[in-house]
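Here the structure comes first, spelled out in structure tokens, and everything after it is commentary.
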Amino acid sequence: MAVYTDISEEELAAFLADYPVGELLSYKGIAEGVENSNYLLHTGEGHFILTLYEKRVNPDDLPFFVGLMEHLARNGVTCPQPVKRADGGAIGRLAGRPAAIVTFLDGMWPRRPTAAHCREVGAALAQMHLAGQDFAITRPNALGVSGWRPLFNLAADRADEVEPGLHAEVSGELDILEATWPSDLPSGVIHADLFPDNVFFLGKTLSGLIDFYFACNDLLAYDVAVCLNAWCFERDFSFNITKGQALLAGYQSVRHLSPDERDALPLLARGAALRFLLTRLYDWLNTPPGAVVTKKDPKEYLRRLRFHAQIRDAVEYGLEPA
Ligand SMILES: Nc1ncnc2c1ncn2[C@@H]1O[C@H](COP(=O)(O)OP(=O)(O)OP(=O)(O)O)[C@@H](O)[C@H]1O
Ligand SMILES: N[C@@H](CCO)C(=O)O
């Protein structure tokens, strides 16, 4: 999260009056993250997280996100819970933005993920996939394969400012991915952004998942591919096969990947790398001046993309032979 929208104590106290959180004692902006504005609230009832939904969140999708967090919690996935007003609603408006309060989740995200973390996150991802199977609301993936070219077009003219030749390289990747992207793999509710900063641990134990604001319906194995990108590369951009093995084994301890999903994994990982390259590229060129946010480097995902493009078999990620 980040802080794009400032709020005054008076308007926050007025907003909170409708929620059962008690009196506002203190609040502070959270500089971590890039998507929405977030504040840590300390109130008479404890700690809460206030989110003001910014650029990429469509207010029409908020019932999906709120309902999903409740559905997952009912089905054994620990995640923040929306705080409801007396009228039953969770979403309000604050400083001209849609806003909600969720419960505070104990734990810390791992700054240096180990293979043990990877195993746990793999298992938690698969649990989320199973728990989401009977969630009634659906939401298409706005950042799925059909959304990548329109997003690239918004930044294409300036892509070579970030890396000479980037425009041509991304155009070529889009051609390949659009032509070969699978459509007949198992699908369901995916998290779509399960990076280390969205997974909390208490000691060595995973304590919960946060940040469901990219969650949507898409290929389940694509979510695994997102996690391979986010968890299994070292700072020098080498792929750590021990972490890959742990993440995939953790996932398969709960849900088995089908032969078609296994075959598709290198392509899905390539697409996932492109998705984060594109949002980072757009943000790199368009982040508003004055926003409290640390921009993320698109080139980190160009390096990953090139790695995946030369993978021929998912065993190279550490997947056990079938
Ligand atoms: N329910 C919660 N309980 C405790 N801390 C939270 C909670 N939600 C968010 N945070 C804190 O806020 C930070 C940013 O949150 P989050 O990842 O949801 O933001 P974001 O802008 O959507 O970020 P990104 O999309 O870049 O991951 C987290 O790393 C964590 O420190
Ligand atoms: N997890 C994303 C940011 C939120 O979409 C990234 O690292 O680019």
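For ligands, and for the atoms within them, numbers begin at 1 and follow the listed sequence. Computation of the quantities below employed the complete heavy-atom set of this structure, encompassing side-chain atoms and omitting hydrogens, waters and symmetry-equivalent molecules.
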Which atoms of ligand 1 have any heavy atom of [X] under 4.0 Å away?
{"X": "L105", "result": "1 (N), 2 (C), 3 (N), 4 (C)"}
{"X": "I49", "result": "1 (N), 2 (C), 3 (N), 5 (N), 6 (C), 7 (C), 8 (N), 10 (N)"}
{"X": "P80", "result": "1 (N)"}
{"X": "D193", "result": "25 (O), 27 (O)"}
{"X": "D197", "result": "27 (O), 29 (O)"}
{"X": "D211", "result": "16 (P), 17 (O), 18 (O), 19 (O), 20 (P), 22 (O), 23 (O), 24 (P), 25 (O), 27 (O)"}

So does [Y] get a backbone contact from the side chain of [X], meaning a donor-acceptor N/O pair under 3.5 Å?
{"X": "E11", "Y": "E9", "answer": "no"}
{"X": "R139", "Y": "I137", "answer": "no"}
{"X": "D160", "Y": "L166", "answer": "yes"}
{"X": "Y19", "Y": "A90", "answer": "yes"}
{"X": "S238", "Y": "E234", "answer": "no"}

What residue and atom, counting heavy atoms only, is the protein's closest point to [atom], and at what distance?
{"atom": "atom 8 (O) of ligand 2", "result": "R280 NE, 2.7 Å"}
{"atom": "atom 2 (C) of ligand 2", "result": "D193 OD1, 3.5 Å"}
{"atom": "atom 3 (C) of ligand 2", "result": "V34 CG2, 3.6 Å"}

Looking at ligand 1, would [X] count as a contact under a 4.0 Å heavy-atom criterion?
{"X": "W109", "result": "yes"}
{"X": "Y213", "result": "no"}
{"X": "F200", "result": "yes"}
{"X": "T103", "result": "yes"}

(request) For F276, take its heavy atoms, then give the atoms of ligand 2 lying under 4.0 Å from any of them. (result) 2 (C), 6 (C), 8 (O)
(request) Give the atoms of ligand 2, by number and element, whose distance to some non-hydrogen atom of F195 is under 4.0 Å. (result) 1 (N), 6 (C), 7 (O)
(message) Going by side-chain contact (heavy atoms from CB on, under 4.5 Å), I190 matches just one of L219, D223, N217. Which one?
(response) D223
(request) Using a 4.0 Å heavy-atom cut-off, say whether N198 meets ligand 1 through its side chain, its backbone, both or neither. (result) side chain
(request) Side-chain contact test, heavy atoms from C-beta onward, threshold under 4.5 Å: evaluate it for L206 versus H117 and give yes or no. (result) no
(message) Do D197 and I210 have side chains that approach each other closer than 4.5 Å (heavy atoms only, starting at C-beta)?
(response) no
(request) Carefully, step by step, assess Y213 and H191 under the rule side chain to side chain donor-acceptor pair (under 3.5 Å). (result) CA-CA 8 Å; Y213 300 115; H191 184 285; over 6 Å; no
(request) Test the R304-F307 pair against the cation-pi criterion, namely NZ or CZ under 6.0 angstrom from the six-membered ring centroid and within 45° of the ring axis. (result) no
(request) Assess R306 against F237: is NZ or CZ under 6.0 Å from the centre of the six-membered ring, and within 45 degrees of the ring's axis? (result) no
(request) May I ask whether Y301 has any heavy atom positioned less than 4.0 angstrom from an atom of ligand 2? (result) no
